[in-house]
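Just below is one structure, and these are the notes that go with it.
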Amino acid sequence: MSTRKGVLAIYNTLSGKKELFRPIHEGQVGMYVCGPTVYSNVHLGNCRTFISFDLAYRYLLHLGYKVRYVRNITDVGHLENDADEGEDKISKKARAEKVEPMEIVQKYTLDFHDVMTAFNALPPNIEPTATGHIIEQIELINTIIKNGFAYESNGSVYFDVEKYNANQPYGELSGRKIEDLIANSRVLDGQTEKRAPLDFALWKNASDEHIMKWPSPWGLGFPGWHLECSAMSAKYLGEVFDIHGGGMDLKFPHHECEIAQGCAATGKKPVLYWMHANMLTLNGKKMSKSAGNSLLPADLFSGENMLLSKGFHPMVVRFFMMQAHYRNTLDFTSEALNAAEKGFEKLMLAIENLMVLVPSSNSSINTKVLIDGFYAAMDDDFNAPALVACLFDAVKQINAIVEGRATINKEDLSILQKEISVFVFEVLGLQRPVEKSDDQRLSNVMALVLELRGSARENKDWVTSDKIRDGLSNAGIVVSDGKDGASWK
RNA sequence: GGUCUCGUAGCCAAGUGGUUAGGCACCGGUCUGCAAAACCGUCUACAGCGGUUCGAAUCCGCUCGAGACCUCCA
């Protein structure tokens with residue numbers, strides 16, 4: 001696949017344009033994605049971002065790149081708000097549940113991993129935690145202070161945004177001007193430690209009652225949220241790396257601050273390509289836990305939620321997400337999920353048929369055009385919905401071959417089988433849902449039941465045959481009458 | 001209030017100057033004892049009003065509507 005390197009275009013938030021992807025080191029990619037703050041269960045909106053970057057990761061791997069994918073776990077420093085008395089999310093939850101903060105971290109990290117596994121998201125190569133990198137963070141703060149872009153105040157350290165902005169623009173990524181930011185910044189109580197409202201914390205002094213704190217040159221305290229990602233990405237990917245991803249809502253201030261921290265520490269912009277995944281909406285609005293407008297994956301799978309009439313398989317949900325581009329908002333509705341479920345089943349059925357097709361001596365379909373379409377879609381900024389459309393073109397062709405309206409030769413069949421498998425299972429990361437039962441005894445019983453029903457049908461004993469069909473239906477088994485006899489699932 | 005994004009058929013959603021995206025639903029058909037399933041076909045849309053152009057869903061302007069960020073969020 002090495003011949004395809006160099007044709008992938010990625011939309012770079014920093015330039016506002018699609019750019020041809022050229023990694024720093026030939027054949028290698030360093031990718032960092034802001035992970036979750038593990039203070040509660042991840043909701044479906046959180047999941048969309050990670051699934052979006054899983055798609056990017058998978059396609060980069062497919063193109064043959066050696067990827068180092070780093071996704072952090074934020075387990076300290078994420079405050080409820082920007083006021084000085086803002087409480088750490090993990091601490092607050094630990095206090096509420098009367099457990100150690102690390103018990104909160106452990107519980108919700110495990111939940112996050114379970115959910116990611118259910119969605120078939122590949123694990124990152126490194127999953128660093130903020131609390132595991134306090135030393136690196138203190139070192140980074142020291143460097144920024146030494147370079148003159150941060151100052152200590154009352155046991156806390158703040159980044160001096162105005163001083164930084166004198167030489168390098170602050171707000172480049174999110175398209176903001178510092179004058180507008182100053183004009184619009186809210187004046188919060190208790191910000192007397194800062195020289196200017198825009199300055200953000202690199203290190204926060206911990207009060208006596210604060211339960212998560214570490215010794216530092218500035219006293220007991222804890223790191224600032226923005227700093228964590230800078231320290232961890234630099235440690236594992238270097239001062240400058242290829243791709244930084246995250247949710248659209250992190251663009252400002254989080255990612256803006258990361259750029260400032262990186263430049264202040266090294267004089268170099270830390271990231272070549274900034275990628276931002278858009279939000280999953282519910283009722284037309286961003287899914288958000290704090291706004292009470294969110295849905296938990298577990299509820300979606302089980303169907304135990306007022307919004308849902310039934311549960312959906314994780315792969316149906318993943319397929320639903322793949323039908324929208326990662327840079328656009330996607331609206332969640334029960335109806336849209338139902339539609340995705342039908343489409344997903346249609347795709348899976350066609351692939352099953354493809355794998356057992358009997359080749360002819362010649363092909364009436366153009367396999368190359370189909371496959372080129374797959375690549376063209378993904379090369380265009382990971383356009384999964386365009387890929388899905390191409391896959392359904394292939395489905396139509398497969399069905400035509402199945403029904404004898406088209407033919408495919410042995411060579412084309414082999415290529416099509418391989419490429420469709422690659423794009424559906426490896427790139428889109430879909431999985432065939434496991435069969436309801438591989439119980440041999442049930443299979444034997446069903447074979448007998450269907451044989452008896454078949455006899456009844458031959459004798460036009462519709463009462464018996466329908467009784468069997470309805471009875472099985474009540475037992476959760478659907479009988480389908482095809483040309484070559486009945487089947488069940 | 002500031003900055004920005006979006007508005008595509010009943011629903012979800014690609015497409016950013018010229019070739020009917022796609023999925024689901026609806027409707028029609030094939031198959032079937034009936035039904036379901038499956039398959040085939042149909043449905044040719046781009047918020048409104050102007051402008052630029054041989055040609056606009058796409059570019060520009062205005063209007064209306066929705067959302068995001070500016071405070072914690074993926």
Side-chain angles (χ1 to χ4, degrees), chain A residues 16 33-37 39-40 42-53 74 78-83 86-89 171 174-177 179-181 183-186 188 225 245-254 256 276-281 284-291 294 319-320 322-325 327-347 349-350 353 373 377 380 383-393 395-396 399-400 402-403 405 457 460-462 465-466 469-470 473 478-483 486-487 489:
Chain A
V33 173
C34 290
T37 301
Y39 72 106
S40 68
V42 282
H43 67 247
L44 201 62
N46 301 129
C47 295
R48 187 190 177 200
T49 294
F50 303 124
I51 290 170
S52 293
F53 288 106
T74 298
H78 205 155
L79 303 186
E80 291 276 305
N81 58 56
D82 199 32
E87 201 173 1
D88 184 283
K89 289 188 176 209
S174 53
R176 284 154 209 269
K177 295 193 185 84
E179 307 85 64
D180 296 339
L181 287 168
N184 286 306
S185 66
R186 298 185 182 187
L188 297 165
W225 177 43
M248 204 77 104
D249 49 354
L250 298 185
K251 209 194 292 184
F252 186 91
H254 187 57
E256 206 70 75
H276 288 96
N278 215 323
M279 302 291 104
L280 184 65
T281 61
K285 293 202 175 108
K286 174 184 174 182
M287 217 179 257
S288 156
K289 191 179 165 66
S290 57
S294 68
F319 180 72
F320 164 69
M322 291 299 147
Q323 284 186 295
H325 190 226
R327 278 194 291 115
N328 286 123
T329 55
L330 170 62
D331 196 46
F332 179 93
T333 61
S334 193
E335 294 88 330
L337 258 288
N338 274 314
E341 185 174 61
K342 288 283 182 68
F344 178 65
E345 282 167 2
K346 183 176 181 173
L347 178 62
L349 181 62
N353 290 334
D380 184 16
N383 195 333
L387 168 60
V388 170
C390 291
L391 287 167
F392 277 108
D393 287 342
V395 166
K396 194 161 280 196
N399 290 336
V402 169
E403 299 200 336
R405 289 179 282 109
R457 294 182 71 208
K460 300 196 190 298
D461 179 4
W462 312 127
S465 75
D466 288 355
R469 185 171 70 193
D470 295 344
S473 174
V478 178
V479 175
S480 299
D481 292 316
K483 274 182 217 150
S487 60
K489 65 177 181 176

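In what follows, chains are A, B, ... by sequence order, proteins preceding strands, each numbered from 1.
- Taking all atoms of both residues into account, the shortest heavy-atom contact from A:F252 to A:S174 is CD1-OG, 3.4 Å.
- Among the protein residues, A:G175 comes within range of the sugar-phosphate backbone only, with heavy atoms under 4.0 Å from sugar or phosphate atoms but none that close to a base.
- Ring geometry, A:H254 versus A:W225: the interplanar angle falls under 30°, so the pair is classed parallel (tilted spans 30 to 60°).
- A salt bridge is absent between A:K396 and A:D393: the closest approach of a Lys/Arg side-chain nitrogen to an acidic carboxylate oxygen does not fall below 4.0 angstrom.
- Atom name C1', nucleotides B:A9 and B:A45: the rounded distance is 4 Å, in whole Å.
- Close to B:C24, at under 4.0 Å from its OP1 or OP2, lies no side-chain N or O of A:N338.
- Nucleotides B:G51 and B:U58, compared at atom P, are 14 Å apart to the nearest Å.
- Judged by distance alone, with hydrogens and angles left aside, A:N278 brings no side-chain donor or acceptor close enough to the base of B:A74 to form a pair under 3.5 Å.
- Between A:E403 and A:R405 a salt bridge is recorded (basic side-chain N to carboxylate O distance below 4.0 Å).
- Closest contact between the side chain of A:A339 and the listed nucleotides B:C72, B:G23, B:A35 involves B:G23.
- Summarising the base pairing, B:U58 is matched to no nucleotide, lacking a Watson-Crick or G-U wobble pair whose two defining distances lie under 3.5 Å.
- In this pair, A:F50 does not lay its aromatic ring on the base of B:A74; centres under 5.5 Å and planes under 30 degrees do not both hold.
- Counting non-hydrogen atoms under 4.0 angstrom, A:D331 reaches the backbone sugars and phosphates but no base.
- A:H43 comes within 4.0 angstrom of a base, heavy atoms only.
- For A:N46, counting side-chain heavy atoms from C-beta on, the closest listed nucleotide (B:C70, B:C11, B:A74) is B:A74.
- Within the nucleic acid shown, A:R457 comes within 4.0 Å of at least one base atom, counting heavy atoms only.
- Rounding to the nearest 0.5 Å places CZ of A:R48 at 7.0 Å from OG1 of A:T329.
- Residue-level contact check: A:K177 touches neither bases nor backbone, having no heavy atom under 4.0 Å from any strand.
- Contact of A:R327 with B:C6 (side chain to base): no donor-acceptor pair of N or O atoms is detected under 3.5 Å.
- B:G67 and B:C4 make up a base pair, with Watson-Crick or G-U wobble contacts both under 3.5 Å.
- Side chain A:R469 to base B:A36: no donor-acceptor pair is found below 3.5 Å.
- Here the separation of B:U8 from B:A13, taken at their C1' atoms, is 9 Å to the nearest Å.
- With hydrogens and angles ignored, a donor-acceptor pair closer than 3.5 Å exists between the side chain of A:D466 and the base of B:G33.
- Using atom C1' as the reference point in both B:G28 and B:G61, the two lie 46 Å apart (nearest Å).
- For B:C72, neither phosphate oxygen OP1 nor OP2 lies less than 4.0 angstrom from any side-chain nitrogen or oxygen of A:K286.
- Close to B:A14, at under 4.0 Å from its OP1 or OP2, lies a side-chain N or O of A:N328.
- Looking at the side chain of A:T333, the nearest of the listed nucleotides B:A36, B:C12, B:A74 is B:C12.
- For B:U19 and B:C46, the P atoms lie 15 Å apart once the distance is rounded to whole Å.
- Closest to the side chain of A:A389, out of B:A21, B:A14, B:C12, is B:A21.
- For A:K342 and B:C12, the shortest distance from a side-chain N or O to OP1 or OP2 is not below 4.0 Å.
- Of all nucleotides present, only B:G10 satisfies the Watson-Crick or G-U wobble test against B:C24, with each distance under 3.5 Å.
- Nucleic acid contact class of A:K396 (heavy atoms, under 4.0 Å, all strands): sugar-phosphate only.
- Within the shown strands, nothing qualifies as a pairing partner of B:U52 under the Watson-Crick or G-U definition with both distances less than 3.5 Å.
- Side-chain proximity of A:D481 to B:C40, B:A36, B:A74: nearest is B:A36.
- With C1' as the reference atom, B:C43 and B:C27 are 8 Å apart, rounded to whole Å.
- Across all strands shown, A:A324 has heavy atoms under 4.0 Å from sugar-phosphate atoms exclusively, and none from any base.
- Comparing the C1' positions of B:A57 and B:U20 gives an interatomic distance of 14 Å, to the nearest angstrom.
- Nearest nucleotide to the side chain of A:F252, out of B:C72, B:A14, B:C70: B:C70.
- Residue contacts shown for A:K289 are absent, as no nucleic acid heavy atom lies under 4.0 Å away.
- Listed candidates were B:C72, B:C11, B:G33. Nearest to the side chain of A:E335 is B:C11.
- Annotation: B:U16 and B:C59 have their P atoms spaced 10 Å apart (nearest Å).
- Each of A:W462 and A:V479 was matched to the nucleotide of RNA chain B holding its nearest heavy atom; the match closer to the 5' end belongs to A:W462.
- Within the 4.0 angstrom heavy-atom criterion, no nucleotide atom of any strand lies near A:L337.
- Put simply, A:K460 has no side-chain N or O that comes within less than 4.0 Å of OP1 or OP2 on B:G33.
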